[in-house]
Protein chains: 2
Amino acid sequence: MDVNAGFLPSRYRLTRQRAAVLRVLDGGGHLSAEAVHARVRSELTSISLGTIYRTLEILRDLGLVQVFSFEGGAARYETALDKHFHLMCSQCRELLNVQAGGVAEIAGEIATRHGYSDVDWSLTVVGRCLGCSEKALTEA
Amino acid sequence: MDVNAGFLPSRYRLTRQRAAVLRVLDGGGHLSAEAVHARVRSELTSISLGTIYRTLEILRDLGLVQVFSFEGGAARYETALDKHFHLMCSQCRELLNVQAGGVAEIAGEIATRHGYSDVDWSLTVVGRCLGCSEKALTEA
DNA sequence: CTCTCTGCAAAGCATTTGCACATTG
DNA sequence: CAATGTGCAAATGCTTTGCAGAGAG
């Protein structure tokens with residue numbers, strides 16, 4: 001991804017810190033702020049967690065990054081992709097992106113029926129992944 | 001709802017506090033722990049917030065109560081009903097329950113394809129509700 | 001009399017914020 | 001130099017927990 005994209009037409013400056021955060025997220029995965037911090041640190045040793053949070057917020061504002069929050073854990077950040085939903089393992093909490101089919105229609109229909117505007121949706125499917133199922137068997 | 005239902009076959013005692021929490025939630029709505037606390041207090045003036053949280057956790061464990069967590073706000077609790085999803089206003093954060101149609105199928109299909117078991121799902125549709133849309137117009 | 005439950009206050013975790021200094025355009 | 005960004009540490013909001021006493025079986 002062109003790290004400059006999205007920055008130029010904005011009031012935000014493209015600093016080393018911001019570029020590094022974006023680069024880490026471009027590496028893929030669903031990372032917590034803490035995890036982003038750890039990775040960016042290998043390059044910018046003195047960057048603070050506060051800056052990570054501030055940066056993630058800005059990248060969100062620019063539409064370059066998406067957040068996923070769930071119960072009992074830190075929010076996970078990923079670079080913005082096509083609209084998708086998440087498949088999450090209830091044990092290891094690993095996240096998988098899944099393409100949406102039909103969900104947008106259901107969401108839109110409901111929203112219209114209730115007079116809601118500026119509609120967005122989020123679907124999360126939770127279950128035990130293959131790896132964790134096997135681990136459970138081995139341990140039993 | 002019979003407040004005793006669910007308690008008897010369990011290791012939990014039915015105390016005044018627990019009955020009161022359940023009664024408040026049966027009153028309907030999607031309440032934060034803080035809101036439950038405020039309402040229960042009118043009856044049991046010295047009940048603590050800690051007890052509210054502990055009780056909500058137990059009621060969840062018994063399947064009598066469901067939680068809904070979202071970004072940037074306290075979790076909301078409601079008595080367990082048929083599987084449904086939530087329509088949330090992005091401004092006033094009011095929650096509406098909506099019956100599910102087709103979502104379970106999509107979720108199940110995806111989960112099976114990826115080998116996930118013990119599957120559950122949650123769909124949240126977010127938008128601006130009628131009330132908030134009107135308010136926005138009046139203020140403009 | 002033992003086990004469970006409660007209130008209280010302290011701790012915990014994720015996130016945000018105030019401030020003084022550094023960096024940038 | 002004026003505006004923006006940063007590190008640090010303290011503050012915040014929600015939730016959990018340790019403990020000592022109260023209540024239930």
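The sequence lines fix the lettering, A, B, ..., with proteins before strands; numbering per chain opens at 1. In this text, all values refer to a predicted model and were calculated from it rather than measured experimentally.
Here Q17(A) reaches the OP1 or OP2 of dG7(D): one of its side-chain N or O atoms lies under 4.0 Å away. A sub-4.0 Å separation between OP1 or OP2 of dT6(D) and a side-chain N or O of T15(A) is present. Taking 4.0 angstrom as the limit, R11(A) places none of its side-chain polar atoms (N or O) nearer than this to OP1 or OP2 of dA3(D). Here Y53(B) does not reach the OP1 or OP2 of dT16(D): none of its side-chain N or O atoms lies under 4.0 Å away. Phosphate contact (OP1/OP2 of dT6(C), side-chain N/O of T51(B), threshold under 4.0 Å): absent. Within the structure, every side-chain polar atom (N or O) of R16(A) is placed at least 4.0 Å from both OP1 and OP2 of dT6(D).
We find that CG of L14(A) is positioned 14 Å from C1' of dT23(C), with the value rounded to whole Å. At whole-Å resolution of the value, CZ in R93(A) and P in dC13(C) are 15 Å apart. Atom pair D61(B):CG and dC5(C):C1' shows a separation of 16 Å (rounding to whole Å applied). Between the P atom of dT6(C) and the CG atom of L49(B) lies a distance of 14 Å, rounded to the nearest Å. With rounding to whole Å, R18(B) atom CZ is found 11 Å from dT4(C) atom P. Straight-line distance from the CD1 atom of I58(A) to the C1' atom of dA3(D): 14 Å, rounded to whole Å. In this structure, CD of E34(A) is placed 13 Å from C1' of dG12(C), rounded to the nearest angstrom. In this structure, H37(B) atom NE2 and dT6(C) atom P are separated by 13 Å, rounded to whole Å.
Contact annotation for S46(A): backbone-only contact, meaning every heavy-atom pair under 4.0 Å involves sugar-phosphate atoms and none involves a base.
The 5' end of DNA chain C is approached more closely, in terms of each residue's nearest nucleotide, by I52(B) than by the other of E71(B) and I52(B). Of the two residues near DNA chain D, I47(A) and G50(B), the one whose nearest nucleotide lies more 5' is I47(A).
We find that R54(A) and E57(A) are not joined by a salt bridge, their nearest charged nitrogen and carboxylate oxygen being 4.0 Å or further apart.
In the set dG25(C), dT4(C), dT15(C), dG25(C) carries the atom at the smallest distance from any side-chain atom of R13(A). Minimum atom distance to the side chain of R54(A) is reached by dG7(D), of the listed dG5(D), dG7(D), dC8(C). Listed nucleotides: dC8(D), dC14(D), dG18(D). Nearest to the side chain of A74(B): dC14(D).
R18(B) and T55(B) are not linked by any side-chain donor-acceptor pair at a separation below 3.5 angstrom, with hydrogens and angles left out of the test.
K135(B) is not listed as a side-chain neighbour of Q91(B), based on a closest heavy-atom distance of 4.5 Å or more.
Within 6.0 Å of CD on Q99(A) lie more than 12 heavy atoms contributed by other residues, nucleotides or ligands.
Between H30(B) and F68(B), the distance from one ring center to the other does not fall under 6.0 angstrom.
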